[in-house]
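Below is one structure; the comments refer to it alone.
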Protein chains: 2
Amino acid sequence: MQSAQDYCKEHKLQLTPARRKVLELLLQEHRALGAYTILDLLREAGFKSQPPIAYRALDFLVENGFAHKIERLNAFVACSLPGTKHSPAFMICRQCEIVAETQSPMSNLNLSATADVSAFRIEQTIIEAKGVCNSCAEIEQL
Amino acid sequence: MQSAQDYCKEHKLQLTPARRKVLELLLQEHRALGAYTILDLLREAGFKSQPPIAYRALDFLVENGFAHKIERLNAFVACSLPGTKHSPAFMICRQCEIVAETQSPMSNLNLSATADVSAFRIEQTIIEAKGVCNSCAEIEQL
DNA sequence: AACGTTATGTAATATTATATCATGGAGAAG
DNA sequence: CTTCTCCATGATATAATATTACATAACGTT
Ligand SMILES: [Zn+2]
Ligand SMILES: [Zn+2]
Ligand SMILES: [Zn+2]
Ligand SMILES: [Zn+2]
């Protein structure tokens with residue numbers, strides 16, 4: 001959070017109250033939060049509650065690398081490596097819904113090396129894995 | 001299409017008119033079609049037009065490996081390797097929206113080998129790359 | 001002070017997806 | 001042939017996600 005603030009100062013980005021609050025909310029969770037869940041939490045915190053409030057803050061956070069969108073959940077998580085250029089991959093536990101960010105072991109070059117894809121210039125790759133986390137797996141085995 | 005029919009007979013799956021039509025529609029396109037686009041096309045073809053018609057057919061096709069959902073587009077494409085177990089990866093052209101399916105060069109084991117992820121048992125991974133296809137790239141360079 | 005830029009307020013609406021309950025049709029069991 | 005069961009479809013409503021559009025405010029620059 002502190003580092004986010006520093007990063008914004010350095011890059012002349014405005015970490016306004018709403019944006020800041022949304023980032024705090026995301027950082028508190030290890031799950032992905034939907035835009036409307038965030039909207040509810042914002043309202044509870046005294047912010048206005050129309051959808052654009054949440055979506056604008058989320059757009060800002062995603063564009064500036066503070067958060068990621070998890071496409072298969074239509075939800076958002078705080079980035080675990082903000083301020084660095086990285087290609088994230090996500091692990092989503094289908095049981096407890098925890099989301100872990102890791103770094104993609106696969107470079108874009110790697111993927112574009114496969115046959116019928118050489119014709120593509122890849123700009124961004126999303127990788128989202130679904131499974132069970134360790135603690136949920138243990139519970140399942142009982 | 002013929003092979004889809006054979007596959008269904010063999011596996012005792014019902015390739016009903018609506019399901020068949022949706023598969024035909026997907027096969028005709030190299031782009032991903034949204035559920036409501038499909039719904040419109042179904043209506044044009046004389047089918048009923050409530051959302052569940054399209055979603056049920058799409059669910060059937062996805063579950064049985066005839067189609068895939070592209071999460072970042074909320075849209076669907078025909079599978080290029082139906083009837084085989086595979087982990088697809090998709091290349092989406094941001095210009096012409098063509099979607100190409102390729103096979104993931106990365107096994108699940110591969111991804112789960114990365115450090116903080118060893119705690120996950122991965123069941124399914126989606127990979128979706130955005131970029132520009134060859135022909136659109138050429139046009140851009142003019 | 002006037003201006004341009006960026007962010008917020010507000011209302012309306014668009015898009016995507018699901019829940020629910022009723023109806024129909026084909027094959028198996030009797 | 002009939003009844004039962006299973007699966008698929010019909011139909012209505014509603015939920016969940018996301019964007020458009022236009023007005024207002026805040027802030028730094030000139
Ligand atoms: Zn990240
Ligand atoms: Zn879990
Ligand atoms: Zn496929
Ligand atoms: Zn293209």
Side-chain angles (χ1 to χ4, degrees), chain A residues 4-5 8-23 25-26 31-43 45-64 66-77 92 97 99 126 128, chain B residues 4-5 8-23 25-26 31-43 45-64 66-77 92 97 99 126 128:
Chain A
Q5 221 160 330
C8 283
K9 196 160 275 175
E10 193 179 337
H11 291 73
K12 306 203 173 169
L13 300 170
Q14 302 183 47
L15 191 59
T16 58
R19 292 169 176 177
R20 185 192 172 104
K21 184 66 186 174
V22 172
L23 181 52
L25 291 169
L26 292 178
R31 297 176 307 120
L33 297 177
Y36 281 75
T37 304
I38 288 168
L39 198 52
D40 288 343
L41 296 169
L42 281 176
R43 180 167 33 222
F47 289 84
K48 296 299 166 65
S49 58
Q50 297 85 347
I53 300 293
Y55 281 104
R56 285 165 179 164
L58 288 166
D59 283 350
F60 170 86
L61 295 174
V62 169
E63 279 182 5
N64 295 110
F66 296 114
H68 299 289
K69 180 171 187 184
I70 307 297
E71 296 287 349
R72 49 190 306 160
L73 301 178
N74 294 318
F76 301 82
V77 284
I92 304 155
E97 296 197 291
V99 174
I126 70 174
E128 296 174 4
Chain B
Q5 222 159 328
C8 284
K9 196 159 278 175
E10 193 179 337
H11 291 76
K12 306 202 174 168
L13 300 171
Q14 301 183 48
L15 191 59
T16 59
R19 292 167 175 179
R20 185 192 171 104
K21 184 66 187 176
V22 173
L23 181 52
L25 292 168
L26 291 178
R31 297 176 305 121
L33 297 177
Y36 281 76
T37 303
I38 288 167
L39 197 52
D40 288 343
L41 295 168
L42 282 176
R43 180 166 34 223
F47 290 83
K48 296 300 167 63
S49 58
Q50 299 84 349
I53 300 295
Y55 282 103
R56 285 167 180 165
L58 287 166
D59 284 350
F60 170 85
L61 295 174
V62 169
E63 278 182 6
N64 295 108
F66 296 115
H68 299 289
K69 179 171 187 184
I70 308 297
E71 296 288 349
R72 54 189 302 162
L73 301 178
N74 294 317
F76 301 82
V77 284
I92 305 155
E97 296 198 289
V99 175
I126 70 174
E128 297 173 4

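Below, read A as the first sequence line, B as the second, and so on, with proteins coming before strands; counting in each chain starts at 1.
The salt bridge (charged side-chain N to carboxylate O under 4.0 Å, His left out) test applied to B/R20 returns B/E24, not counting sequence neighbours. With sequence neighbours left out, the side-chain hydrogen bond (donor to acceptor under 3.5 Å, both in side chains) criterion links B/R56 to no other residue. Listed by chain and residue number, B/I70, B/L73, B/A75, B/V77, B/V99 satisfy the side chain to side chain contact (heavy atoms under 4.5 Å, CB included) test with B/A32 (two or more places apart in sequence, or in another chain). For the side-chain hydrogen bond (donor to acceptor under 3.5 Å, both in side chains) test, no residue two or more places apart in sequence or in another chain qualifies with A/D59.
Between the CD1 atom in B/I38 and the CG atom in B/L23 there is a gap of 10.5 Å [rounded to 0.5 Å]. B/R19 contributes atom CZ, which lies 11.0 Å from atom CG of B/L58 (distance to the nearest 0.5 angstrom). Here the CZ-CD1 distance, from A/R43 to A/I53, works out to 11.0 Å after rounding to the nearest 0.5 Å. The CG atom of B/L25 sits 5.0 Å away from atom CG of B/L41, with the distance rounded to the nearest 0.5 Å.
Rounded to whole angstrom, the span from the CG atom of B/L13 across to the P atom of D/dC7 amounts to 12 Å. When rounded to the nearest whole Å, the span between CG of A/L39 and P of D/dT19 equals 14 Å. B/Y55 has its OH atom 15 Å from the P atom of D/dA16, to the nearest Å.
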Between the protein and nucleotides 9-12 of chain D, list the N/O to N/O atom pairs that are separated by less than 3.5 angstrom.
| from | atom 1 | to | atom 2 | distance (Å) |
| --- | --- | --- | --- | --- |
| D/dT9 | OP1 | B/T16 | OG1 | 2.7 |
| D/dG10 | N7 | B/R56 | NH1 | 3.0 |
| D/dG10 | O6 | B/R56 | NH2 | 2.8 |
| D/dA11 | OP2 | B/K48 | NZ | 3.1 |
| D/dA11 | N6 | B/R56 | NH2 | 3.2 |

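Nucleotides of DNA chain C with any atom under 4.0 Å from a heavy atom of chain A span, from 5' to 3', C/dT6 to C/dA11.
The 5' end of DNA chain D is approached more closely, in terms of each residue's nearest nucleotide, by B/Y36 than by the other of B/Y36 and B/N74.
At a threshold of 4.0 angstrom between heavy atoms, the contacts of A/K12 with the nucleic acid are absent.
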